[in-house]
Amino acid sequence: MSHAISEDEFYDLASSWGISRSGAAGVLPAIAHMAPVIAAMDDLRADPPPVAEADRVVHDDTDAGRDPYNAVVRWVSVRKPGARGLLSGVGVAVKDCVAVAGVPMTAGSALLQGFVPDRDSTVVRRLLDAGGHICAVTNMDEMGVAPGGDSSYYGPTLNPWDTTRTAGGSSGGSAAALYYDGVDVALGADSGGSVRIPAAWCGLVGLKPTHGLVPHSGVLGGEPLLDHVGPLARTTADVAAVLQVLAGTDDEDPDPRQPAQLPRVDAVAAVESAPASLDDLRVGVLAEGLDPAGGVSPEVGRAFDASLAQLRELGASVEPVSVPEHRLCGPIAFNMFPESFAGQMRSGGVLFGAGGRYWPELAEALRRGFEKAGDSMAPTLKLMLIMGSGAERAGGGSRYARAANLRRLITTGYEKALAGVDVLAMPTVPVVAHPVAPGLDPADRALRAWSLVGNTAPTNLTGHPAITIPLGLAEGLPAGVMLVGRKFADTRLLTVAETVERAVGWPRRPPENR
């Protein structure tokens, strides 16, 4: 806030806390005495760290022919000199909410135009240390609050299988960019399905790891209890390599999302030793995940049934299971995310009292953005902020608190189901990729987008790992199958996916769309 607060502003601020004019009058004189203390903060600014020891080149994306899917916000070239490792020579695209020092990061939004992080996110630092080459920053739904792939400041990301449809979101650019030469793997962020939805719609493998397994430091999030960073790729082996590089405790920039102890992840060895059959795999088909009342289309349902038949042919035992709590996930998530997200945006993304490294430059950039570009926000973002502020005003945090407490109920339901099977299976997304529909009413667009997360959002609430694999087609388009595993059994999901990939292979994009 301003160092000098006018009397009118003082009483307005008091009123926002339910303090009457007469109740506030007694402390008005103290404000003048506080101004020098607040102003002194300017003298405490720490010098920003240097832009890391990496070669960094940002290219102007002026060649439209290089990006027919509108998947890339900017082409870049970032390497760490001399680095050798699991990702040597691998081209990596990162979502536009993942900090790369010296490279603009806008989260697909008008709010952050001109913001340039001065420090790498942990995941980028690990990618570079492993020899990876950051080659692109990818398009995303604005601030990551919608999964439709069509709410970015830069326009919709188009689906490589059918460019009249979207790639999904919010990590749609990370998915579509994998159809470009030189992009081998991609990073997305997932608070309700934002890695898995575009991976499913674009015919890719996408993993949401166990909550906390991959550090989130230096990534713009939406709700700490739901936030994940995960890889997308054309093959299971590539996803495994990225997970192995990213997983583990962040000692340099501690992340409050991570537990104190994390298991060692050897995903590459697990995938390399994947069995030839699924004879020992027990698959529980989640009845609630197939409910037509939840929006699962007949075409997607048939594609899922065909995929289950392929799992049976590989030796898996398949049985129905029920998690009635699954149906509660929508109300819980929509009572948690908007209020938390609005609060974070109001505080500049600062998680008060969480510990770890804070991001003051982002907070300042968001403040400037709301002052200058509020009207330019996508309708989905406007609606999310208004809904969240309304929930806070109506309940003072109580709605969020009740919803967050109910996560335990959902988690227990999933863990009971997973005690009897190795993985749970369901369609990743209830329908095939949406038409771009530029004239769609903003309210209808928001509702259309949020209807996609019925099967993906529950594991953001519970923290279980979930992978989407491109095992089937519906209406000639990819229809992903999502497998959910026990917590920190991420490598088990990857070995299952690898066995299926070797035996069946993934559907290929039609030649006319290549």
Side-chain angles (χ1 to χ4, degrees), residues 51-52 54-80 87 90-121 123-125 127-128 132-144 149-160 163 166-189 194-195 198 202 218-220 229 231-232 242 359 361-362 365-366 368-369 373 376-378 381:
V51 173
D55 294 329
R56 295 167 193 263
V57 178
V58 182
H59 304 291
D60 290 330
D61 187 17
T62 54
D63 182 4
R66 193 181 176 192
D67 186 21
Y69 309 128
N70 196 33
V72 175
V73 174
R74 53 186 51 86
W75 296 100
V76 301
S77 182
V78 179
R79 290 184 173 92
K80 182 175 180 180
L87 299 181
V90 173
V92 186
V94 299
K95 189 174 179 178
D96 190 24
C97 61
V98 178
V100 182
V103 175
M105 186 198 92
T106 69
S109 177
L111 299 175
L112 288 177
Q113 294 300 306
F115 174 60
V116 181
D118 54 24
R119 187 181 183 88
D120 285 329
S121 57
V123 290
V124 164
R125 187 172 69 245
L127 291 168
L128 295 173
H133 171 218
I134 309 296
C135 59
V137 173
T138 57
N139 200 4
M140 61 178 283
D141 286 270
E142 188 170 16
M143 304 300 284
D150 56 1
S151 67
S152 172
Y153 173 79
Y154 304 103
T157 301
L158 306 181
N159 194 308
T163 54
T166 79
S170 61
S171 308
S174 293
L178 285 164
Y179 284 88
Y180 294 154
D181 292 339
V183 180
D184 302 304
V185 298
L187 281 194
S194 290
V195 163
C202 292
V219 179
L220 188 150
V229 175
L232 305 87
V242 177
W359 204 349
E361 298 83 11
L362 175 65
L366 283 170
R368 292 192 299 267
S376 299
M377 292 187 290
L381 179 55

### Query
Going through the checks in order, is the side chain to side chain contact (heavy atoms under 4.5 Å, CB included) test met by Phe115 and Glu361?
CA-CA 8 Å; Phe115 174 60; Glu361 298 83 11; 3.9 Å; yes
### Message
For a 4.5 angstrom cut-off between non-hydrogen side-chain atoms, does Leu158 reach Pro68?
### Response
no
### Interatomic spacing from OG in Ser151 to CE in Met140 - rounded to 0.5 Å
8.5 Å
Which donor-acceptor pairs under 3.5 Å do side chains of residues 166-177 form with protein atoms, sequence neighbours excluded?
| from | atom 1 | to | atom 2 | distance (Å) |
| --- | --- | --- | --- | --- |
| Thr166 | OG1 | Gly148 | O | 2.8 |
| Thr166 | OG1 | Gly168 | N | 3.3 |
| Ser170 | OG | Lys95 | NZ | 2.7 |
| Ser170 | OG | Ser194 | OG | 3.0 |
| Ser171 | OG | Lys95 | NZ | 2.9 |
| Ser171 | OG | Ala189 | N | 3.3 |
| Ser171 | OG | Ala189 | O | 3.2 |
| Ser171 | OG | Ser194 | O | 2.9 |
| Ser174 | OG | Thr138 | OG1 | 2.8 |
| Ser174 | OG | Leu187 | O | 2.8 |

### Task
Sort and list the pairs that fulfil salt bridge (Lys or Arg N to Asp or Glu O under 4.0 Å) and have at least one residue in residues 177-189, not counting sequence neighbours.
Asp184-Arg234
### Task
Report yes or no: does Tyr69 contribute a side-chain atom to a donor-acceptor pair with the main-chain N or O of Tyr180 at less than 3.5 Å?
no
### Summary
CD of Glu142 to CG of Leu381, rounded to nearest 0.5 Å, is 4.5 Å
### Task
Verify side chain to side chain contact (heavy atoms under 4.5 Å, CB included) between Leu112 and Leu220, making sure each step is shown before the conclusion.
CA-CA 11 Å; Leu112 288 177; Leu220 188 150; 4.0 Å; yes
### Task
Return the set of residues passing side-chain hydrogen bond (donor to acceptor under 3.5 Å, both in side chains) with Ser376 (not counting sequence neighbours), or none when no residue passes.
none
### Query
So, for Val183 and Ala93, which heavy atoms are closest and what is the spacing to 0.1 Å?
CG1-CB, 3.8 Å
### Task
Find the distance between NE2 (His133) and CG (Leu127) and round it off to the nearest 0.5 Å.
12.0 Å
### Query
For the residue pair Pro160 and Tyr179, what are the closest heavy atoms and their distance?
CG-CD1, 3.4 Å
### Message
How long is the straight-line distance from CG of Asn139 back to OH of Tyr153, given to the nearest 0.5 Å?
### Response
12.0 Å
### Any donor-acceptor pair under 3.5 Å from Asp150 side chain to Pro156 backbone
no
### Query
Can any side-chain N or O of Asn70 pair as donor or acceptor with the backbone N or O of Thr157 at less than 3.5 Å?
no
### Query
Are Asp120 and Lys80 close enough for a salt bridge, meaning some N to O gap below 4.0 Å?
no
Would you list the atom pairs, donor with acceptor, under 3.5 Å between side chains in residues 97-106 and any protein atom, with sequence neighbours excluded?
| from | atom 1 | to | atom 2 | distance (Å) |
| --- | --- | --- | --- | --- |
| Thr106 | OG1 | Asp96 | OD2 | 2.4 |
| Thr106 | OG1 | Gly108 | N | 3.4 |
| Thr106 | OG1 | Tyr154 | OH | 2.8 |

### Query
For the atom pair CG (Leu111) and CG (Leu366), what is the distance rounded to the nearest 0.5 Å?
6.5 Å
#### Entry: pair Val242-Val92: side-chain heavy atoms closer than 4.5 Å
no
